[in-house]
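It should be emphasised that the depicted structure is a prediction, and the values quoted were computed from it without experimental measurement.
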Number of protein chains: 2
Amino acid sequence: MDMPIRTADQVELDRLNSALGFLMRLAQLKIYERFFEEVGEHNLKPGEFSVLWVILHNPGIRQSVLGQRLMIKRAHMTKLIRALEDQNLVSRKVPDGDRRAVEITLTPEAVTRVKQASQWFFTYEESVGANLTGDERQQLTALLRKFVGLG
Amino acid sequence: MDMPIRTADQVELDRLNSALGFLMRLAQLKIYERFFEEVGEHNLKPGEFSVLWVILHNPGIRQSVLGQRLMIKRAHMTKLIRALEDQNLVSRKVPDGDRRAVEITLTPEAVTRVKQASQWFFTYEESVGANLTGDERQQLTALLRKFVGLG
DNA sequence: CAAAATTTGTTTACAAAGAAACAATCTCCC
DNA sequence: GGGAGATTGTTTCTTTGTAAACAAATTTTG
């Protein structure tokens, strides 16, 4: 009868169904969507939070290294850091050893703020993948860690 | 001693190390990066390809349904479809039943083009996750499929 | 049936992220 | 020591995607 497709779950994806890159993109988008639904505007976006968190645990880290680890391009990192600086959350210091580089540290306010934010952030993170069993979630985490080359 | 961190793999991520959302974002970025390294400008970007692929397999699909399945927002979908229309790859038709909607079909050229593009696209997709064993890759795919709700 | 609410797609304005060109510094090597 | 080349960060421009307001058609409901 050639009934037009009316709902998303009737859509035929064919080979896309087992394409790793495609599935990963979908997964990521789903996580983001849920993040903004649940956490709303908690005044620190996930990107900002992870940047601040990493600086907290690596005081004086250089912009370039931070960017490499979080896969943020230099051009974009410049903007992120400046925005954080404008909010008085980080301070930049050009080290004596290498005057091209910039070393970044949290301000005391930011330390408090990040520790506080970490509560809801990780609470959310733990709720991600709630439709999986504990084992599956565990496996997924391990596989992703291997996939991205973390330990 | 306070040696500054010099390389990305010395960075302490602490709890971020097992945060599913974080790992997923990293994984996705890694896939994209490799995609552009390897496939370069093959004249069809991954987003465009998947849109066209899904239209190929669901001729006459509505913009809204397409967007729901691929998690593309309406506003953005409008632009994507227009761009594809400008390249003479899709045609739009307002169905009689519901004159708000738009049904999309591939042009004959696009059918050829997508089938051709599918060769390198899926070749790339199969190379994703080459640092995992076959079993692991298989598991990861299955877990992601469950995660995103693809039965 | 008519008013209210919803769906669908578009437009406009904006935010997030990348690419390329650039300047300053540093490293390497002759 | 002094250029050639690499690194580091910034700037500018462009692409990609989202948000909010809107218009038109449809569905709901009183």
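Sorted by first then second residue, the side-chain hydrogen bond (donor to acceptor under 3.5 Å, both in side chains) pairs that include residues 78-91 of chain A, not counting sequence neighbours, number zero. Identified under the salt bridge (Lys or Arg N to Asp or Glu O under 4.0 Å) test for residues 109-134 of chain A, with sequence neighbours left out: A:E126-B:R15.
The separation between A:I104 atom CD1 and D:dG9 atom C1' is 11 Å, rounded to whole Å. Look at NZ on B:K45: it is 15 Å from P on D:dT14, rounded to the nearest Å. Whole-Å rounding puts the A:Q28 CD to D:dT16 P distance at 17 Å. Counting to the nearest Å, the C1' atom of D:dT7 and the CD atom of A:Q63 are 13 Å from each other. Distance CD (A:E103) to P (D:dT8): 12 Å, rounded to an integer number of Å.
Across every non-hydrogen atom of B:L26 and A:L70, the tightest pair is CD1-O, 4.0 Å.
Of the residues in residues 73-89 of chain B, those with a non-hydrogen atom less than 4.0 angstrom from any atom of DNA chain C are B:R74, B:A75, B:T78, B:K79, B:R82.
Computed from C1' positions of five pairs at each end, the angle between the two local axes of the helix from C:dC1-D:dG30 to C:dC30-D:dG1 equals 30°, rounded to 10 degrees.
Relative ring orientation between B:W120 and B:F35 is described as tilted, the plane-to-plane angle lying within the 30° to 60° band.
Between B:V128 and A:F147, some side-chain heavy-atom pair lies under the 4.5 Å cut-off. Contact of the A:L144 side chain with the A:M24 side chain is registered, since non-hydrogen atoms from C-beta on lie closer than 4.5 Å. In this structure the side chain of A:S50 reaches within 4.5 angstrom of the side chain of B:L16, judged on heavy atoms.
In summary, the side chains of A:D9 and A:T7 do present a donor paired with an acceptor at a separation below 3.5 Å, with no hydrogens or angles considered.
Under the 3.5 Å distance criterion, the side-chain polar atoms of A:N131 are matched with a main-chain donor or acceptor of B:K146. In terms of modelled atom types and a separation under 3.5 Å, the side chain of B:K93 and the main chain of B:T105 share no donor-acceptor contact. For the pair B:Q28 (side chain) and B:R25 (backbone), a donor-acceptor distance under 3.5 Å is absent.
Nucleotides of DNA chain C lying under 4.0 Å from heavy atoms of chain B occupy a range whose first and last members, 5' to 3', are C:dT7 to C:dA13.
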| task | Scan nucleotides 22-29 of chain D nucleotide by nucleotide, 5' to 3', and note B when protein non-hydrogen atoms come under 4.0 Å of the base, S if they reach only the sugar-phosphate, - if neither. | result | ---BS---
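Tracing side-chain contacts under 4.5 Å through hydrophobic residues (I, L, V, M, F, W, Y), one never reaches A:V94 starting from A:V90; they form parts of separate clusters.
Ring centroids of B:F122 and B:W53 are separated by less than 6.0 Å, placing the two rings close together.
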